[in-house]
Amino acid sequence: MKKDLNGYIGVFDSGLGGISVLKEMVKLLPHEKFYFYGDSARAPYGERSLKEVQDYTMETMNNMVNHGVKAIVVACNTATSAAIEMVRDVFTDIIVIGVEPALKPAAEANDGEILVMATENTLRLDKYHELAKTYGNHVNVKEVACNGLAQAIETGDVDGEEVRVVLHKLLAPYKGEVKSVVLGCTHYPFVKNAIREVLGDDIKFYDGAAGTARQLASKLEEAGKINNEGEGEVIFESSKNDPEEIALYETFLNKSTD
């Protein structure tokens with residue numbers, strides 16, 4: 001880990017998925033310095049035990065805080081669901097932002113049945129059930145645990161056969177039944193085109209990236225820690241400790257999620 005992260009915003013994901021959130025934060029906060037850490041050596045988190053996810057998340061948070069970050073974004077839905085309250089309880093003097101499935105805006109739009117795509121852990125844990133209870137009462141919400149999808153995306157070949165096979169198996173039963181899709185894992189925005197191939201071109205997507213960026217900006221402003229001038233920067237690091245993985249992260253920062 002880079003030794004001096006004083007003034008940086010730490011961004012953490014189980015792998016490269018959190019880069020979809022990082023993209024929105026860089027766009028909204030162009031003068032900030034970001035340190036992105038992907039735990040790709042232990043990805044995906046969605047099918048790991050609760051204790052493993054909590055342990056891995058706390059390990060990374062400790063490292064980031066010890067090296068001087070001014071804020072942390074847990075850009076992983078599974079890690080947020082499993083560990084965000086634990087992180088906030090321990091690190092009370094630092095800004096901590098999590099992500100959650102964008103069920104609220106999807107439900108407020110109320111334009112038909114909603115499909116929530118997420119990891120098995122995200123859908124199983126209390127945080128999602130509370131969200132669904134609050135915002136899903138007046139709409140028809142279906143959930144699909146997308147086992148294997150994040151792992152396929154981690155290869156970097158988001159338009160490849162493996163991603164298409166996984167998505168067809170998972171989503172084909174919902175074709176013609178849903179109009180809106182909540183992307184409840186930060187990996188999934190990178191495969192919107194492949195999702196459209198299964199469900200149709202008129203599908204509306206909802207994810208939490210832009211809302212997370214706005215929340216971060218608000219918290220930084222409130223704390224007097226926002227940078228409004230100077231050159232921004234993005235530093236990448238991976239638990240794989242592989243230059244090819246860093247190159248993949250850099251490629252994904254510039255990859256479209258439209």
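Every value quoted in this text rests on a predicted model; they were computed, and no experiment measured them.
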Does [X] reach the side chain of [Y], with side-chain heavy atoms less than 4.5 Å apart?
X: M117; Y: L171; result: yes
X: R88; Y: T92; result: no
X: S49; Y: E52; result: yes
X: M61; Y: V74; result: yes
X: V69; Y: I9; result: no
X: M25; Y: E32; result: no
X: L50; Y: Q54; result: yes
X: V181; Y: Y206; result: no

Determine, for Y56 and R48, whether the Lys NZ or Arg CZ falls below 6.0 Å from the six-membered ring centre while staying within 45 degrees of the axis.
-> no

Which heavy atom of [X] sits nearest to which heavy atom of [Y], and what is that distance?
X: Y128; Y: E143; answer: OH-OE2, 2.7 Å
X: A217; Y: L28; answer: CB-CD2, 3.9 Å
X: M64; Y: V11; answer: CE-O, 3.6 Å
X: T122; Y: P101; answer: CG2-CG, 4.1 Å

Between [X] and [Y], do the side chains contain an N or O donor and an N or O acceptor separated by less than 3.5 Å?
X: D39; Y: Y45; answer: yes
X: E233; Y: Y35; answer: no
X: T119; Y: T78; answer: yes
X: S238; Y: Y37; answer: no

Taking everything shown except N241 itself, do over 12 heavy atoms lie less than 6.0 Å from its CG?
-> no

More than 12 heavy atoms of other groups within 6.0 Å of H168 NE2 | no

Salt-bridge present (K27, E24; N to O < 4.0 Å) = yes

Would a line drawn from the ring center of F36 to the ring center of Y249 be shorter than 6.0 Å?
-> yes

[Y] reachable from [X] in the ILVMFWY side-chain graph, under 4.5 Å edges:
X: L123; Y: Y135; result: yes
X: V191; Y: V178; result: yes
X: F252; Y: V26; result: yes

Taking only residues two or more places apart in sequence or in another chain, which ones pass salt bridge (Lys or Arg N to Asp or Glu O under 4.0 Å) with K23?
-> none

List the atom pairs, donor and acceptor, that lie under 3.5 Å between side-chain atoms in residues 146-163 and the rest of the protein, sequence neighbours left out.
{"unit_1": "N147", "atom_1": "ND2", "unit_2": "E120", "atom_2": "OE1", "d": "3.4"}
{"unit_1": "E154", "atom_1": "OE1", "unit_2": "S40", "atom_2": "OG", "d": "3.1"}
{"unit_1": "E154", "atom_1": "OE2", "unit_2": "L16", "atom_2": "N", "d": "2.7"}
{"unit_1": "E154", "atom_1": "OE2", "unit_2": "H187", "atom_2": "NE2", "d": "2.7"}
{"unit_1": "T155", "atom_1": "OG1", "unit_2": "A152", "atom_2": "O", "d": "2.7"}
{"unit_1": "T155", "atom_1": "OG1", "unit_2": "D157", "atom_2": "N", "d": "3.3"}
{"unit_1": "D157", "atom_1": "OD1", "unit_2": "G160", "atom_2": "N", "d": "3.2"}

